[in-house]
2 protein chains.
Amino acid sequence: MSLVFSLSPASDIPIYRQIIQHIRRNVIQGQLQLGEQLPAVRVLAESLVVNPNTVARAYGELIRDGLLESRSGVGVFVAEEMRQVFSNAERKRRLDHAVEQLLHEALLLDFPLPDVRATLEEQWKTLQAQLTNRRKK
Amino acid sequence: MSLVFSLSPASDIPIYRQIIQHIRRNVIQGQLQLGEQLPAVRVLAESLVVNPNTVARAYGELIRDGLLESRSGVGVFVAEEMRQVFSNAERKRRLDHAVEQLLHEALLLDFPLPDVRATLEEQWKTLQAQLTNRRKK
DNA sequence: CCAAGTGTATTAGCTTACTCATACGCTCAT
DNA sequence: ATGAGCGTATGAGTAAGCTAATACACTTGG
């Protein structure tokens, strides 16, 4: 069971959202393989010392996003293929929004465009490296 | 008074946050000049049919971010120079986080990197165009 | 100096969001 | 077919967030 992390009770981010964030990252970085089963809601709940329902809520949201899949009575798994949840128009709209968010933050922080570009490329390389590393193992 | 907009009551985004968003955009796009005075809290509040306190809250947050400045008893103005609100480490941390957000969203939506790059460059060009247009007038 | 303008602070009501307790329904190995 | 595992649904209590009402404090022009 490769999903291990802990929560920050001090953080003002809700528990279920912290869980979502961790799972997202684990899948994207390849620590959770495609098709791999996630811990049962009660198991992860006990490990995190929260109510099973809170974990279920996190799972549910990720299922709606298409990142996870639920086989009722069996368990929750990382989706094999990213199923098409959003229309193409919606996808583009979301990408635009995300980019706009980044640009506004960058402008607010007074970062020039090259810095943004550089950070983007750098993080992308890091992600790719992590993924290929995982595959080699 | 070049700050004119309306709210979306249907939206689940809180009013004060919508106001923040609009002001940010207006400043970034140059519709609000640096140093320009914003509408008094009561004036904007009446125009938006909300409580003055709600507007004040939006102003307050933008002041804490360094985008606006308040001269007590006089009014609220767009900051002349972006004062250094965050340490350099904090600035970098925030930029990293914003970029990570974008990349995760892009991966979730199954967009390849070139698409992200293209959208970034395109939006940047749009912003620049708006700014230079404003200056010419 | 004072009145009309401005931002600010405090408090309260209400809604939403979050978390939990509990009970239910499904699947599969035995 | 039955029990141990799993995800799911419902309701309730608590905390947090949002908006508003009201009163206070500062600046400036007359």
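Using a 4.0 Å heavy-atom distance criterion, A/R57 is classed as a base contact.
Computed from coordinates, the A/L68 CG to D/dC6 C1' distance equals 15 Å when rounded to whole Å. Look at CG on A/D12: it is 17 Å from P on D/dA15, rounded to the nearest Å.
Close to D/dT8, at under 4.0 Å from its OP1 or OP2, lies a side-chain N or O of A/S70.
By the 4.0 Å N-to-carboxylate-O rule, B/R64 lies close enough to B/E61 to be salt-bridged with it. Checked for salt-bridge contact, B/R25 and A/E100 meet the test: a charged N lies under 4.0 Å from a carboxylate O.
Distance from the side chain of A/N53 is smallest for D/dT10 among the nucleotides D/dT10, D/dT27, C/dT19. When the nucleotides D/dA20, D/dT19, C/dC18 are ranked by their closest atom to the side chain of B/Y16, D/dT19 comes out on top. Counting only heavy atoms from C-beta on, B/V76 has its side chain closest to C/dG7 among C/dG7, C/dT19, C/dC26. Ranking C/dC20, D/dT19, C/dT8 by closeness to the A/N51 side chain, first place goes to C/dC20. Distances from the side chain of B/A40 to the nucleotides C/dT6, D/dA20, D/dC6 place C/dT6 closest.
Side-chain contact between A/V76 and A/R71 is absent, with no heavy-atom pair separated by less than 4.5 Å.
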